[in-house]
Amino acid sequence: MVRSVRKRLPASGSAANSSDAGKGDVFNMMQSRRSFLASGVALAATSLAKVHGAPALAIGDSAGIAPLDPFTYGDVELLEGPMRRQFDANHAFFLALDEDMLLKPFRQRAGLPAPGEDMGGWYDNSPEFDPHGSFHGFIPGHSFGQYLSGLARAYAMTGSKPTQAKVQRLVSAFAPTITTKFYEGYHLPAYTFDKTNCGLIDAYEFGGVALAFEVLNAATDAVLPHLPSKAMSRAEQYAQPHPDEAYCWDETYTLPENFFLAYKRGAGNRYRDLAVRFLEDDSYFGPLSEGQNVLPGEHAYSHVNALSSAMQAYLVLGSEKHLRAARNGFEFVRTNQSFATGGWGPGETFRKPGSGEMGASLNFSHAGFETPCGAYGHFKITRYLLRVTRDSRYGDSMERVLYNTILGAKPLKEDGSSFYYSDYNNRFAKKGYHRDKWPCCSGTFPQITADYGISSYFHDASALYVNLYVPSRATWTRGGERITLTQRTDYPHRPESQIEVNVDTANAFTIFLRIPAWAAPGTAIAVNGKRILADPEPGRFARLDRTWANGDRIEIEFNMPTALEAVDPEHPNMAAVVHGPLALFALDQMPPIFRREELLTAAQVSTGSTDWQAKIATGKLTLRPFAAIEEQLYRLYLAVG
């Protein structure tokens with residue numbers, strides 16, 4: 001949720017929180033389309049529902065408060081909409097991917113017959129790799145575990161028997177290729193094994209492949225001789241002798257999360273011990289836990305990904321130090337490393353706060369945000385933090401990344417061409433594909449799209465939390481009774497969502513609805529057509545206590561403000577147009593500078609449209625959200641004066 005930390009540019013000197021429609025920084029775009037928002041509707045009696053906000057927990061309050069429970073993949077069904085279409089495309093793509101091609105680099109390095117064509121790009125065995133030139137053969141087989149993980153999660157979501165069968169075949173065929181020789185002369189052993197570990201534990205947990213733990217044990221034995229005694233920062237790796245620079249890019253500090261998960265899922269106690277061994281406490285989690293910002297200069301995605309290891313250390317070991325590290329680390333990302341889209345890490349590197357490097361990157365970098373990988377890591381850490389703290393800001397941050405980055409990713413191509421960077425360059429920005437086939441983002445893409453559903457809802461023993469407003473159906477079994485929430489929405493293009501509650505018998509429980517921090521006055525909640533809450537507190541979960549009957553209907557409508565967000569404090573007049581959670585990208589030929597008042601006139605051309613227009617001195621400026629942009633040139637940040 002970048003909005004609360006980016007400097008909001010005042011319009012005409014008005015306060016940013018002005019409630020006057022059409023004035024100041026907040027431009028009221030809402031139309032009252034629902035009867036429950038009409039001014040004459042009375043509040044329902046308190047017997048209808050008790051409504052109040054749910055406070056977030058302070059860091060020290062986590063002890064004794066059980067984390068929220070996630071739903072399983074099979075408990076949440078994505079309904080027709082952009083998330084479902086993206087998931088279905090990835091599921092079909094990897095279900096059809098040739099298995100001999102996937103296994104070829106492992107078979108070759110094990111000295112086994114290796115039929116099938118080469119995959120190409122990073123995935124092959126090839127002598128052509130040069131860290132300063134060709135990346136063909138960079139990390140052979142690196143993303144196999146991620147493809148396996150994505151398929152296992154897809155099976156758990158859909159129950160597709162062909163998908164389960166493919167997961168079983170891949171695990172069985174991978175087993176005889178395991179050898180410690182695979183990692184001889186291999187640039188990134190921890191990096192690739194971590195993905196293999198993830199794939200195998202997901203095959204066991206979600207794919208029902210009993211053999212997977214046996215295979216994992218063999219794979220662990222094979223990699224251990226090639227791992228250091230502890231997690232090593234990149235600086236430590238560069239300080240050691242190395243045949244070429246790429247040997248300094250390994251990511252041992254990301255290993256603990258999946259080691260902890262292997263332990264929790266029953267793979268054995270050694271995985272807990274390995275997780276502890278590779279916690280990067282000396283140079284990363286320790287300083288972060290004390291409030292030291294050690295992010296600048298570090299590789300962005302892998303260090304956000306490592307924060308999930310800190311969260312697992314808290315969940316498994318009860319380590320408050322690691323919870324502090326995760327919270328502080330993510331807050332540093334959220335407050336001084338993020339663009340208006342929620343993305344972060346221009347050039348895959350965290351920047352020094354106060355340096356102006358975020359704004360400066362707009363003039364030279366086309367690598368604004370490493371999108372599928374970054375979104376995958378971002379969703380993981382915000383899920384963990386939301387579960388533990390019940391703080392809605394993490395859901396706000398998650399939805400920014402969803403709507404402004406990953407939903408706009410171009411689909412994978414059969415040759416392994418993969419969408420990689422979101423481009424925020426001020427001079428020439430356009431969507432495209434990475435130069436190399438089968439890069440890292442080809443592996444996280446099927447994982448993040450499979451995770452949309454489990455990121456949308458959480459629960460505890462007595463309450464269900466609605467985190468994302470997406471077309472979906474969540475099924476919750478509570479005390480032997482089945483409770484279903486079906487959400488129908490075109491959010492955020494229409495600022496509303498409808499949720500139908502289905503229960504076997506009348507049932508008393510609580511439903512929490514996330515109220516984003518940007519929600520302006522006029523936001524309202526109704527049950528069965530009767531408004532029960534006007535202006536719920538932004539930045540909280542609104543709490544609805546009620547004995548729910550079958551067919552009860554919740555309606556929530558948001559007043560989405562339009563605002564300008566500066567890229568960083570050093571560039572206060574370089575701003576993006578943001579409407580609610582949506583960053584809007586300019587498409588037309590544009591003047592060198594805009595007046596703030598002009599950009600704040602941005603409005604949808606029709607209800608629910610993905611086209612927006614702002615009235616400017618030279619005519620009209622067209623803007624679109626990232627997911628609606630295809631081949632057009634675009635610009636996120638505009639000069640204002």
Could you tell me if S442 and Y420 have a donor-acceptor pair between their side chains, going purely by distance under 3.5 Å? no
Trace of the salt bridge (charged side-chain N to carboxylate O under 4.0 Å, His left out) decision for R383 with D451: CA-CA 10 Å; R383 276 200 308 273; D451 286 354; 3.5 Å; yes
Does atom CZ (F135) have a neighbourhood of more than 12 heavy atoms from anything else shown, all under 6.0 Å? yes
For Y204, look at atom OH and say whether over 12 heavy atoms of other residues, nucleotides or ligands are found less than 6.0 Å away. no
[Y]/[X] salt bridge by N-O under 4.0 Å criterion:
| X | Y | value |
| --- | --- | --- |
| E236 | K230 | yes |
| E331 | R334 | yes |
| K321 | E290 | no |

Take R109 and E184 through the test salt bridge (charged side-chain N to carboxylate O under 4.0 Å, His left out) and record every step on the way to the result. CA-CA 9 Å; R109 295 174 84 90; E184 293 176 0; over 6 Å; no
Is there a donor-acceptor pair under 3.5 Å between the side chain of S309 and the backbone N or O of N305? no
Contacts of Y284 meeting ring-ring contact (aromatic ring centres under 6.0 Å, His included) (sequence neighbours excluded), chain-then-number -> H303
Please verify the inter-ring angle class for W122 with H434; under 30° counts as parallel, over 60° as perpendicular, anything in between as tilted. perpendicular
Calculate, to the nearest 0.5 Å, the distance between atoms CG and CZ belonging to L402 and F626 respectively. 12.5 Å
Run the side chain to side chain donor-acceptor pair (under 3.5 Å) check on Y238 and W249 step by step: do they pass? CA-CA 9 Å; Y238 272 99; W249 301 342; 3.0 Å; yes
